[in-house]
Amino acid sequence: MSTARSRPFELHGADGYPLRGEVRTSGSGRNRPAIVICHGFKGFKDWGFFPVLAERLARAGFTAVSFNFSSSGVGPDGESFSELDRFGHGTYGKDLHDIGTVVSALETGTLCDALQPVSAYGMLGHSRGGGTAALHTAVNRAVRALVTWAGIARTHRWDSDTVAHWRDAGKVDVVNARTGDVLPLYTDLLDDLETRGSELDVLNAAGQIEADWLIVHGAADESVPVEEARALHAAAPDGRAKLLVVPDGGHTFGAQHPWSGSTSQLDIVIDATVGWFADHLF
């Protein structure tokens, strides 16, 4: 089995913010399917299972492209939330801009010309990243396979009282449970949802997806209810989507950060994901 290798990259993301990522591949990397991996809210490309997933995909013959959204809040060290202002002004629209930037750079060889040509494209997203990956896939017909882990079916996730307080204060504080950091979230996100609501309707987008779609969700997900996965599956065109509900699976399928090893639930998810991309991209 070929040894996977990693190449870092930095692009100009939304609002000119740095868009930092890496490419993992094995062999020459040429004429291989590429998988673009999207982390979720308060996530980052090196969180817990993402490096393990990227390595597994690379060793299976794919080019794995992972990155931190430019408004993730994560700084140059790849883990610390040191760019709080960028996090605070983050929106779904900016995330979609970043995905488009990464895909365009991959397609044109700007990301890494040694990877050209790419034979096919896949998308993978976790949680909020699953929602944005679905939104992107709905409008980019070049994406042939999509996998979402614990993906959201709704972009607007706050009740009216929270929104009213958010508007009055000009921000809402978000706590990073892992580090205890308090992250400010300004009203840019609310503005984005109000002005571009129809464009950010994940369930509507689900009905437009032509890629073969694996929807993976934990039955015991504590952050995104499994009912959202069922709604996505019901909204997808007939025969395009498969729903995999993992018994006892939580939002991260038992994985933690820092990485402390896999779990039986995560093993099921990664095996199914690699198999799905192999079936639909090779």
Side-chain angles (χ1 to χ4, degrees), residues 13-17 19 38-44 47 68-74 81-100 125-139 148-209 215 217-218 220-235 250-252:
D15 293 341
Y17 293 162
L19 183 55
C38 305
H39 66 75
F41 187 59
K42 295 187 293 183
F44 47 96
W47 188 94
N68 289 330
F69 284 105
S70 60
S71 54
S72 66
V74 175
F81 284 86
S82 58
E83 299 178 349
L84 298 186
D85 202 51
R86 293 175 182 172
F87 178 90
H89 292 293
T91 66
Y92 289 102
K94 291 177 182 178
D95 288 354
L96 287 168
H97 178 281
D98 287 348
I99 293 173
H126 176 250
S127 193
R128 170 167 158 171
T132 49
L135 290 169
H136 175 84
T137 300
V139 297
T148 54
W149 292 8
I152 60 170
R154 299 179 291 107
T155 49
H156 197 302
R157 310 190 66 79
W158 304 274
D159 61 35
S160 58
D161 288 343
T162 299
V163 170
H165 172 75
W166 193 344
R167 286 289 187 195
D168 288 343
K171 68 177 179 114
V172 65
D173 289 332
V174 178
V175 178
N176 184 329
R178 178 178 61 86
T179 64
D181 292 333
V182 178
L183 313 175
L185 194 60
Y186 305 118
T187 57
D188 302 52
L189 182 55
L190 293 176
D191 296 340
D192 190 48
L193 289 168
E194 289 181 4
T195 59
R196 302 177 63 227
S198 60
E199 298 173 53
L200 303 176
D201 185 332
V202 182
L203 284 176
N204 180 64
Q208 311 304 314
I209 289 174
I215 301 169
H217 218 101
D221 192 319
E222 67 282 10
S223 298
V224 179
V226 69
E227 287 74 22
E228 294 194 39
R230 301 189 194 283
L232 290 171
H233 185 248
H251 191 58
T252 62

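What you see is a predicted model, and the numbers here were worked out from it, not measured in a lab.
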CA sep, side-chain torsions, deciding dist, call: Asp85, Tyr186, side-chain contact (heavy atoms from CB on, under 4.5 Å): CA-CA 9 Å; Asp85 202 51; Tyr186 305 118; 3.7 Å; yes
Heavy-atom side-chain contact between Thr252 and Trp149 under 4.5 Å: no
Side-chain heavy-atom pair Val174, Val182 within 4.5 angstrom cut-off: no
Donor-acceptor pair, side chain of Lys94 and main chain of His89, under 3.5 angstrom: yes
Donor-acceptor contact below 3.5 Å, side chain Glu228 vs main chain Ala153: yes
Non-hydrogen side-chain atoms of Leu183 and Val175 separated by less than 4.5 Å: no
Any Ser72 side-chain heavy atom under 4.5 Å of Phe81 side chain: no
Nearest heavy-atom neighbours spanning Ala134 and Ala205: O-CB, 4.4 Å
Asp201, Leu200, Asp95, Asn204 screened by side chain to side chain contact (heavy atoms under 4.5 Å, CB included) with Leu135, the one that passes: Leu200
Leu189 side chain near Trp166 side chain, heavy-atom distance below 4.5 Å: yes
Nearest heavy-atom neighbours spanning Ser71 and Asp98: N-OD2, 4.4 Å
Closest contact, heavy atoms only, Asn176 versus Lys42: CA-CD, 4.4 Å
Validation row: Arg128, Tyr92 side chains within 4.5 angstrom (heavy atoms): yes
pair Phe41-Phe87: side-chain heavy atoms closer than 4.5 Å: yes
Nearest atoms (heavy-atom pairs only) where Pro225 meets Arg157: CD-NH2, 4.3 Å
Closest heavy-atom pair and its distance - Val224, Ser127: CG2-OG, 4.1 Å
Ring pair (Phe, Tyr, Trp, His ring centres under 6.0 Å) assessment of His39 paired with Phe44: CA-CA 6 Å; His39 66 75; Phe44 47 96; 7.5 Å; no
4.5 Å side-chain heavy-atom contact, Leu232 and Val202: yes
Derivation and outcome, salt bridge (charged side-chain N to carboxylate O under 4.0 Å, His left out), residues Lys171 and Asp188: CA-CA 9 Å; Lys171 68 177 179 114; Asp188 302 52; over 6 Å; no
Parallel, tilted or perpendicular: ring planes of His126 versus His251, cut at 30 and 60 degrees: tilted
Side chains of Asp221 and His217, donor plus acceptor under 3.5 Å: yes
